[in-house]
Protein chains: 2
Amino acid sequence: MSLPHAILTALLEKPSSGLALTRRFDKSIGYFWSATHQQIYRELGKLEEGGLIRALPSPQPTRGQKKEYEVLPAGRAELAAWVDRAEDPKPIRDPLLLRMRAAAVVGPGGLGVELSRHLALHQAQLKEYEEIEERDFPAGARDGAQDRLRHLVLRGGIELETFWIGWIEEALAGMPEADSEPGA
Amino acid sequence: MSLPHAILTALLEKPSSGLALTRRFDKSIGYFWSATHQQIYRELGKLEEGGLIRALPSPQPTRGQKKEYEVLPAGRAELAAWVDRAEDPKPIRDPLLLRMRAAAVVGPGGLGVELSRHLALHQAQLKEYEEIEERDFPAGARDGAQDRLRHLVLRGGIELETFWIGWIEEALAGMPEADSEPGA
DNA sequence: AATCCCATGTAATCTGTTACATGATTGC
DNA sequence: GCAATCATGTAACAGATTACATGGGATT
(Lines give C-alpha, C1' and ligand atoms only; values in the text may rest on other atoms or scores of the structure.)
Protein backbone atom coordinates (compact mmCIF):
# COMPACT_ATOMS: atom_id res chain seq x y z
CA MET A 1 0.00 0.00 0.00
CA SER A 2 2.92 2.36 -0.46
CA LEU A 3 2.78 3.25 -4.14
CA PRO A 4 -0.20 5.64 -3.88
CA HIS A 5 1.51 7.39 -0.98
CA ALA A 6 4.76 7.65 -2.87
CA ILE A 7 2.84 9.32 -5.68
CA LEU A 8 1.02 11.68 -3.33
CA THR A 9 4.34 12.68 -1.80
CA ALA A 10 5.87 13.32 -5.21
CA LEU A 11 2.86 15.33 -6.37
CA LEU A 12 2.87 17.43 -3.21
CA GLU A 13 6.52 18.19 -3.78
CA LYS A 14 5.59 19.26 -7.30
CA PRO A 15 2.45 18.75 -9.42
CA SER A 16 3.37 16.74 -12.49
CA SER A 17 2.18 14.72 -15.45
CA GLY A 18 2.47 10.92 -15.53
CA LEU A 19 5.63 10.97 -17.57
CA ALA A 20 7.26 13.61 -15.41
CA LEU A 21 6.44 11.48 -12.37
CA THR A 22 7.95 8.46 -14.06
CA ARG A 23 11.13 10.42 -14.64
CA ARG A 24 11.22 11.44 -10.99
CA PHE A 25 10.75 7.82 -9.93
CA ASP A 26 14.03 7.09 -11.70
CA LYS A 27 15.73 9.28 -9.11
CA SER A 28 14.73 11.21 -5.98
CA ILE A 29 11.65 9.39 -4.66
CA GLY A 30 12.59 6.41 -6.78
CA TYR A 31 15.74 5.86 -4.73
CA PHE A 32 13.49 4.57 -1.98
CA TRP A 33 10.40 3.43 -3.84
CA SER A 34 10.76 2.43 -7.47
CA ALA A 35 7.86 2.22 -9.92
CA THR A 36 7.34 1.87 -13.66
CA HIS A 37 5.22 4.12 -15.81
CA GLN A 38 2.51 1.44 -16.07
CA GLN A 39 2.14 1.30 -12.32
CA ILE A 40 2.11 5.07 -12.13
CA TYR A 41 -0.59 5.64 -14.76
CA ARG A 42 -2.80 2.96 -13.24
CA GLU A 43 -2.39 4.42 -9.77
CA LEU A 44 -3.01 7.97 -10.99
CA GLY A 45 -6.31 6.74 -12.40
CA LYS A 46 -7.29 5.19 -9.07
CA LEU A 47 -6.23 8.24 -7.07
CA GLU A 48 -8.23 10.54 -9.34
CA GLU A 49 -11.26 8.29 -9.14
CA GLY A 50 -10.91 8.24 -5.36
CA GLY A 51 -10.92 12.03 -5.20
CA LEU A 52 -7.41 12.29 -3.75
CA ILE A 53 -5.92 14.10 -6.73
CA ARG A 54 -7.28 15.91 -9.76
CA ALA A 55 -6.10 16.62 -13.26
CA LEU A 56 -5.50 20.31 -13.84
CA PRO A 57 -7.99 21.67 -16.37
CA SER A 58 -6.50 21.44 -19.85
CA PRO A 59 -7.66 22.04 -23.43
CA GLN A 60 -8.49 18.55 -24.71
CA PRO A 61 -7.67 15.63 -22.42
CA THR A 62 -7.32 12.98 -25.11
CA ARG A 63 -4.76 10.26 -25.52
CA GLY A 64 -1.23 11.53 -26.11
CA GLN A 65 -2.06 14.84 -24.43
CA LYS A 66 -0.16 15.87 -21.34
CA LYS A 67 -2.21 15.72 -18.15
CA GLU A 68 -0.99 17.50 -15.00
CA TYR A 69 -2.13 16.29 -11.60
CA GLU A 70 -2.29 18.04 -8.26
CA VAL A 71 -3.13 16.74 -4.79
CA LEU A 72 -6.51 17.59 -3.27
CA PRO A 73 -7.02 18.18 0.46
CA ALA A 74 -8.35 14.63 0.86
CA GLY A 75 -5.10 13.36 -0.63
CA ARG A 76 -2.98 15.35 1.76
CA ALA A 77 -5.08 14.09 4.68
CA GLU A 78 -4.70 10.49 3.53
CA LEU A 79 -0.93 10.91 3.29
CA ALA A 80 -0.71 12.44 6.77
CA ALA A 81 -2.80 9.56 8.16
CA TRP A 82 -0.50 7.04 6.47
CA VAL A 83 2.58 8.62 8.01
CA ASP A 84 1.04 8.01 11.43
CA ARG A 85 -0.34 4.54 10.74
CA ALA A 86 1.23 1.51 12.45
CA GLU A 87 2.80 -0.79 9.86
CA ASP A 88 5.30 -3.46 10.81
CA PRO A 89 8.69 -3.57 9.12
CA LYS A 90 8.74 -6.21 6.40
CA PRO A 91 11.09 -9.11 7.06
CA ILE A 92 14.27 -9.08 5.02
CA ARG A 93 13.79 -10.64 1.59
CA ASP A 94 16.99 -10.39 -0.34
CA PRO A 95 17.97 -12.60 -3.28
CA LEU A 96 21.70 -12.12 -2.73
CA LEU A 97 21.58 -13.35 0.86
CA LEU A 98 19.47 -16.24 -0.33
CA ARG A 99 21.93 -17.08 -3.07
CA MET A 100 24.72 -17.12 -0.52
CA ARG A 101 22.70 -19.56 1.51
CA ALA A 102 22.13 -21.70 -1.58
CA ALA A 103 25.86 -21.53 -2.30
CA ALA A 104 26.44 -23.11 1.09
CA VAL A 105 24.52 -26.13 -0.21
CA VAL A 106 25.47 -26.46 -3.89
CA GLY A 107 28.85 -24.74 -3.75
CA PRO A 108 29.72 -21.16 -4.68
CA GLY A 109 30.40 -21.82 -8.38
CA GLY A 110 31.01 -18.44 -9.97
CA LEU A 111 29.31 -16.45 -7.21
CA GLY A 112 32.51 -14.47 -6.68
CA VAL A 113 32.16 -12.85 -10.09
CA GLU A 114 28.59 -11.90 -9.35
CA LEU A 115 29.58 -10.49 -5.97
CA SER A 116 32.25 -8.32 -7.58
CA ARG A 117 29.69 -7.04 -10.03
CA HIS A 118 27.29 -6.13 -7.23
CA LEU A 119 30.11 -4.50 -5.32
CA ALA A 120 30.77 -2.15 -8.23
CA LEU A 121 27.07 -1.31 -8.56
CA HIS A 122 26.75 -0.50 -4.86
CA GLN A 123 29.88 1.62 -4.97
CA ALA A 124 28.46 3.58 -7.89
CA GLN A 125 25.16 4.09 -6.08
CA LEU A 126 26.94 5.22 -2.95
CA LYS A 127 28.93 7.73 -4.95
CA GLU A 128 25.72 9.08 -6.47
CA TYR A 129 24.14 9.51 -3.04
CA GLU A 130 27.22 11.21 -1.69
CA GLU A 131 27.21 13.67 -4.55
CA ILE A 132 23.59 14.49 -3.85
CA GLU A 133 24.41 14.95 -0.18
CA GLU A 134 27.24 17.32 -1.00
CA ARG A 135 25.05 19.31 -3.35
CA ASP A 136 21.80 19.41 -1.36
CA PHE A 137 22.97 19.22 2.23
CA PRO A 138 26.43 20.80 2.41
CA ALA A 139 28.14 20.47 5.78
CA GLY A 140 27.51 23.36 8.12
CA ALA A 141 24.32 24.57 6.50
CA ARG A 142 21.45 25.35 8.84
CA ASP A 143 18.41 23.41 7.80
CA GLY A 144 14.75 23.41 8.68
CA ALA A 145 12.58 20.48 9.70
CA GLN A 146 11.85 19.58 6.10
CA ASP A 147 15.51 19.48 5.09
CA ARG A 148 16.50 17.54 8.17
CA LEU A 149 14.00 14.80 7.35
CA ARG A 150 14.99 14.63 3.70
CA HIS A 151 18.63 14.48 4.68
CA LEU A 152 17.85 11.65 7.08
CA VAL A 153 16.26 9.64 4.28
CA LEU A 154 19.34 10.16 2.14
CA ARG A 155 21.54 9.11 5.06
CA GLY A 156 19.53 5.90 5.18
CA GLY A 157 20.37 5.21 1.55
CA ILE A 158 24.02 5.99 2.14
CA GLU A 159 24.26 3.73 5.15
CA LEU A 160 22.48 0.88 3.39
CA GLU A 161 24.87 1.04 0.44
CA THR A 162 27.77 1.20 2.88
CA PHE A 163 26.47 -1.92 4.57
CA TRP A 164 26.29 -3.82 1.29
CA ILE A 165 29.77 -2.78 0.25
CA GLY A 166 31.18 -3.95 3.56
CA TRP A 167 29.26 -7.19 3.51
CA ILE A 168 30.22 -8.09 -0.06
CA GLU A 169 33.87 -7.31 0.64
CA GLU A 170 33.70 -9.59 3.66
CA ALA A 171 32.12 -12.27 1.47
CA LEU A 172 34.73 -11.93 -1.27
CA ALA A 173 37.55 -12.12 1.28
CA GLY A 174 36.41 -15.54 2.39
CA MET A 175 35.86 -16.85 -1.12
CA PRO A 176 38.95 -17.63 -3.27
CA GLU A 177 37.77 -18.49 -6.77
CA ALA A 178 36.15 -21.82 -7.46
CA ASP A 179 35.82 -23.29 -4.02
CA SER A 180 35.28 -27.00 -3.66
CA GLU A 181 31.73 -28.19 -3.32
CA PRO A 182 30.63 -29.28 0.11
CA GLY A 183 29.04 -32.67 0.67
CA ALA A 184 26.42 -33.83 -1.80
CA MET B 1 12.16 -15.76 -9.29
CA SER B 2 13.59 -16.49 -5.86
CA LEU B 3 10.87 -18.49 -4.15
CA PRO B 4 11.47 -21.75 -6.05
CA HIS B 5 15.16 -21.46 -5.31
CA ALA B 6 14.52 -20.79 -1.65
CA ILE B 7 12.46 -23.99 -1.56
CA LEU B 8 15.11 -25.99 -3.41
CA THR B 9 17.71 -24.79 -0.93
CA ALA B 10 15.53 -25.71 2.03
CA LEU B 11 14.75 -29.16 0.58
CA LEU B 12 18.41 -29.85 -0.10
CA GLU B 13 19.22 -28.96 3.47
CA LYS B 14 16.54 -31.44 4.50
CA PRO B 15 13.73 -33.17 2.58
CA SER B 16 10.41 -32.09 4.06
CA SER B 17 6.67 -31.94 3.70
CA GLY B 18 4.86 -28.73 2.83
CA LEU B 19 3.98 -27.94 6.40
CA ALA B 20 7.47 -28.66 7.67
CA LEU B 21 8.79 -26.29 5.01
CA THR B 22 6.31 -23.66 6.11
CA ARG B 23 7.56 -23.98 9.67
CA ARG B 24 11.13 -23.59 8.50
CA PHE B 25 10.18 -20.49 6.53
CA ASP B 26 9.17 -18.94 9.84
CA LYS B 27 12.81 -19.07 10.85
CA SER B 28 16.11 -20.08 9.27
CA ILE B 29 15.59 -19.60 5.52
CA GLY B 30 12.62 -17.39 6.30
CA TYR B 31 14.86 -14.79 7.92
CA PHE B 32 16.00 -13.90 4.42
CA TRP B 33 13.12 -15.02 2.26
CA SER B 34 9.68 -15.22 3.81
CA ALA B 35 6.78 -17.19 2.34
CA THR B 36 3.33 -18.38 3.41
CA HIS B 37 2.08 -21.94 3.19
CA GLN B 38 -0.12 -21.09 0.23
CA GLN B 39 2.86 -19.89 -1.76
CA ILE B 40 4.83 -22.94 -0.74
CA TYR B 41 2.21 -25.49 -1.75
CA ARG B 42 1.65 -23.77 -5.06
CA GLU B 43 5.37 -23.67 -5.76
CA LEU B 44 5.88 -27.30 -4.68
CA GLY B 45 3.28 -28.27 -7.26
CA LYS B 46 5.09 -26.34 -10.00
CA LEU B 47 8.50 -27.72 -9.03
CA GLU B 48 7.17 -31.28 -9.07
CA GLU B 49 5.49 -30.74 -12.42
CA GLY B 50 8.73 -29.31 -13.75
CA GLY B 51 10.67 -32.38 -12.67
CA LEU B 52 12.92 -30.50 -10.23
CA ILE B 53 11.64 -32.29 -7.13
CA ARG B 54 9.60 -35.41 -6.45
CA ALA B 55 7.32 -36.61 -3.71
CA LEU B 56 8.74 -39.56 -1.85
CA PRO B 57 6.67 -42.67 -2.47
CA SER B 58 3.99 -42.91 0.20
CA PRO B 59 0.97 -45.12 0.88
CA GLN B 60 -1.95 -43.05 -0.39
CA PRO B 61 -1.22 -39.49 -1.44
CA THR B 62 -4.65 -38.03 -0.79
CA ARG B 63 -5.64 -34.76 0.75
CA GLY B 64 -4.63 -34.41 4.36
CA GLN B 65 -1.86 -36.98 3.99
CA LYS B 66 1.70 -35.92 4.62
CA LYS B 67 3.77 -35.69 1.44
CA GLU B 68 7.57 -35.55 1.69
CA TYR B 69 9.55 -33.97 -1.13
CA GLU B 70 13.16 -34.37 -2.17
CA VAL B 71 15.23 -32.56 -4.78
CA LEU B 72 16.06 -34.33 -8.05
CA PRO B 73 19.37 -33.83 -9.89
CA ALA B 74 17.66 -31.39 -12.27
CA GLY B 75 16.64 -29.32 -9.25
CA ARG B 76 20.14 -29.22 -7.85
CA ALA B 77 21.46 -28.20 -11.28
CA GLU B 78 18.88 -25.42 -11.57
CA LEU B 79 19.83 -24.11 -8.14
CA ALA B 80 23.54 -24.17 -8.95
CA ALA B 81 22.83 -22.30 -12.20
CA TRP B 82 20.80 -19.70 -10.31
CA VAL B 83 23.63 -19.09 -7.85
CA ASP B 84 25.85 -18.21 -10.81
CA ARG B 85 23.29 -16.21 -12.77
CA ALA B 86 23.72 -12.45 -13.12
CA GLU B 87 20.85 -10.66 -11.40
CA ASP B 88 21.03 -6.98 -10.51
CA PRO B 89 20.40 -5.86 -6.95
CA LYS B 90 16.87 -4.54 -6.56
CA PRO B 91 16.68 -0.85 -5.78
CA ILE B 92 15.74 -0.05 -2.19
CA ARG B 93 11.99 -0.09 -1.63
CA ASP B 94 11.30 0.64 1.96
CA PRO B 95 8.03 2.01 3.36
CA LEU B 96 9.67 3.54 6.43
CA LEU B 97 12.13 5.61 4.41
CA LEU B 98 9.24 6.64 2.20
CA ARG B 99 7.14 7.65 5.18
CA MET B 100 10.00 9.76 6.43
CA ARG B 101 10.07 11.46 3.06
CA ALA B 102 6.32 12.01 3.21
CA ALA B 103 6.73 13.40 6.74
CA ALA B 104 9.03 16.04 5.27
CA VAL B 105 6.05 17.23 3.22
CA VAL B 106 3.01 16.81 5.50
CA GLY B 107 4.76 17.01 8.86
CA PRO B 108 5.84 14.17 11.13
CA GLY B 109 2.59 13.84 13.08
CA GLY B 110 2.98 10.87 15.38
CA LEU B 111 5.80 9.28 13.40
CA GLY B 112 7.98 9.30 16.51
CA VAL B 113 5.74 6.72 18.17
CA GLU B 114 5.92 4.50 15.12
CA LEU B 115 9.70 4.87 14.98
CA SER B 116 10.02 3.80 18.61
CA ARG B 117 7.87 0.77 17.89
CA HIS B 118 10.07 -0.21 14.95
CA LEU B 119 13.16 0.35 17.05
CA ALA B 120 11.95 -2.21 19.59
CA LEU B 121 11.12 -4.72 16.85
CA HIS B 122 14.55 -4.38 15.27
CA GLN B 123 16.24 -4.71 18.64
CA ALA B 124 14.33 -7.92 19.30
CA GLN B 125 15.26 -9.30 15.89
CA LEU B 126 18.90 -8.41 16.42
CA LYS B 127 18.88 -10.19 19.76
CA GLU B 128 17.41 -13.30 18.11
CA TYR B 129 20.11 -13.30 15.43
CA GLU B 130 22.84 -12.83 18.00
CA GLU B 131 21.57 -15.78 20.00
CA ILE B 132 21.63 -17.93 16.89
CA GLU B 133 25.15 -16.76 16.16
CA GLU B 134 26.30 -17.65 19.66
CA ARG B 135 24.68 -21.05 19.43
CA ASP B 136 25.59 -22.04 15.87
CA PHE B 137 28.83 -20.18 15.27
CA PRO B 138 30.61 -19.83 18.61
CA ALA B 139 33.76 -17.69 18.53
CA GLY B 140 36.92 -19.65 17.90
CA ALA B 141 35.29 -22.66 16.30
CA ARG B 142 36.89 -23.93 13.11
CA ASP B 143 34.36 -24.05 10.37
CA GLY B 144 34.18 -25.47 6.89
CA ALA B 145 33.16 -23.72 3.68
CA GLN B 146 29.50 -24.45 4.29
CA ASP B 147 29.50 -22.98 7.78
CA ARG B 148 31.46 -19.94 6.71
CA LEU B 149 28.85 -19.12 4.07
CA ARG B 150 25.93 -19.67 6.41
CA HIS B 151 27.60 -17.53 9.04
CA LEU B 152 28.12 -14.81 6.47
CA VAL B 153 24.41 -14.77 5.67
CA LEU B 154 23.60 -14.43 9.35
CA ARG B 155 26.14 -11.62 9.64
CA GLY B 156 24.22 -9.87 6.88
CA GLY B 157 21.06 -10.05 8.94
CA ILE B 158 22.83 -8.81 12.03
CA GLU B 159 24.39 -5.88 10.23
CA LEU B 160 21.11 -4.92 8.57
CA GLU B 161 19.29 -4.86 11.90
CA THR B 162 22.16 -2.88 13.37
CA PHE B 163 21.81 -0.37 10.57
CA TRP B 164 18.11 0.08 11.21
CA ILE B 165 18.60 0.52 14.93
CA GLY B 166 21.22 3.19 14.35
CA TRP B 167 19.18 4.96 11.72
CA ILE B 168 15.98 5.03 13.77
CA GLU B 169 17.86 6.31 16.81
CA GLU B 170 19.32 9.05 14.65
CA ALA B 171 15.82 9.85 13.41
CA LEU B 172 14.32 9.93 16.90
CA ALA B 173 17.09 12.21 18.13
CA GLY B 174 16.17 14.85 15.58
CA MET B 175 12.45 14.58 16.21
CA PRO B 176 11.03 15.99 19.48
CA GLU B 177 7.34 15.08 19.72
CA ALA B 178 4.84 16.83 17.57
CA ASP B 179 6.99 18.99 15.35
CA SER B 180 5.45 21.93 13.58
CA GLU B 181 4.25 21.33 10.07
CA PRO B 182 6.36 22.78 7.29
CA GLY B 183 4.89 25.01 4.58
CA ALA B 184 1.44 24.14 3.27
C1' DA C 1 5.99 10.43 -45.83
C1' DA C 2 9.15 8.44 -42.62
C1' DT C 3 11.16 8.62 -38.33
C1' DC C 4 11.79 9.84 -33.71
C1' DC C 5 10.43 11.20 -29.25
C1' DC C 6 6.85 12.67 -25.98
C1' DA C 7 2.91 11.03 -23.66
C1' DT C 8 -0.70 7.96 -22.16
C1' DG C 9 -2.44 3.96 -21.90
C1' DT C 10 -4.05 -1.76 -22.37
C1' DA C 11 -3.20 -6.67 -21.76
C1' DA C 12 -1.15 -10.67 -20.06
C1' DT C 13 1.31 -12.71 -16.70
C1' DC C 14 3.55 -13.53 -12.38
C1' DT C 15 4.13 -13.01 -7.44
C1' DG C 16 2.29 -12.34 -3.08
C1' DT C 17 -1.64 -11.92 0.36
C1' DT C 18 -5.95 -13.05 2.65
C1' DA C 19 -9.73 -15.85 3.46
C1' DC C 20 -11.66 -20.04 3.31
C1' DA C 21 -12.31 -25.36 2.55
C1' DT C 22 -11.32 -30.23 3.32
C1' DG C 23 -9.52 -34.41 5.10
C1' DA C 24 -6.74 -37.20 8.65
C1' DT C 25 -5.18 -38.06 13.36
C1' DT C 26 -5.12 -37.74 18.20
C1' DG C 27 -6.76 -36.93 22.87
C1' DC C 28 -10.68 -36.45 25.69
C1' DG D 1 -18.65 -38.69 19.13
C1' DC D 2 -16.25 -33.98 19.53
C1' DA D 3 -12.73 -30.75 19.53
C1' DA D 4 -8.15 -29.61 18.51
C1' DT D 5 -4.41 -29.98 15.60
C1' DC D 6 -1.88 -31.55 11.63
C1' DA D 7 -1.78 -31.28 6.82
C1' DT D 8 -2.91 -29.98 2.15
C1' DG D 9 -5.09 -27.44 -0.61
C1' DT D 10 -8.70 -23.58 -3.56
C1' DA D 11 -10.32 -19.03 -4.65
C1' DA D 12 -10.20 -14.33 -5.06
C1' DC D 13 -7.71 -10.50 -5.16
C1' DA D 14 -3.87 -7.03 -4.99
C1' DG D 15 0.56 -5.54 -6.57
C1' DA D 16 4.36 -5.69 -9.75
C1' DT D 17 6.53 -6.80 -14.30
C1' DT D 18 6.84 -7.20 -19.23
C1' DA D 19 5.30 -6.50 -23.67
C1' DC D 20 2.69 -4.12 -26.63
C1' DA D 21 -0.61 -0.33 -28.60
C1' DT D 22 -2.04 4.40 -29.75
C1' DG D 23 -1.65 9.04 -30.73
C1' DG D 24 0.56 13.86 -31.10
C1' DG D 25 4.21 16.88 -32.45
C1' DA D 26 8.66 17.95 -34.36
C1' DT D 27 12.48 17.06 -37.58
C1' DT D 28 14.33 15.65 -41.99
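Sequence lines set the chain letters: A, B, ... in the order given, protein chains first and strands last, and positions in each chain run from 1.
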Categorize B/K46 for me: base, sugar-phosphate, or nothing, with a 4.0 angstrom heavy-atom threshold over every strand shown. sugar-phosphate
Under 4.5 Å between any side-chain heavy atoms of B/E130 and B/R135, yes or no? no
Sidechain-backbone polar pair: B/H37 side chain, B/R23 backbone, donor-acceptor under 3.5 Å: no
Classify the nucleic acid contact of B/T22 as base, sugar-phosphate or nothing, counting any heavy atom under 4.0 Å across all strands shown. nothing
Looking at D/dA11, does its base get a donor-acceptor pair with the side chain of B/R42 below 3.5 Å? no
For B/H37 and for A/T36, locate the closest nucleotide of DNA chain D by heavy-atom distance; then report the residue assigned to the nucleotide nearer the 5' terminus. B/H37
OP1, OP2 of D/dG9 versus side-chain N and O of B/K67: anything below 4.0 Å? yes
Check: A/G109 main-chain N/O paired with B/D84 side-chain donor or acceptor under 3.5 Å: no
Rounded distance (Å) that lies between atom C1' of C/dT8 and atom CG of A/L44: 10 Å
Check this one for me: any side-chain N or O of A/Y41 less than 4.0 Å away from OP1 or OP2 of C/dT8? yes
Residue mapping more 5' on DNA chain D - nearest nucleotide basis, A/Q38 or A/M1: A/M1
B/K90 atom NZ is separated from D/dT17 atom P, nearest whole Å, by 7 Å
Do B/R93 side-chain atoms and A/W33 backbone N/O form a donor-acceptor pair below 3.5 Å? no
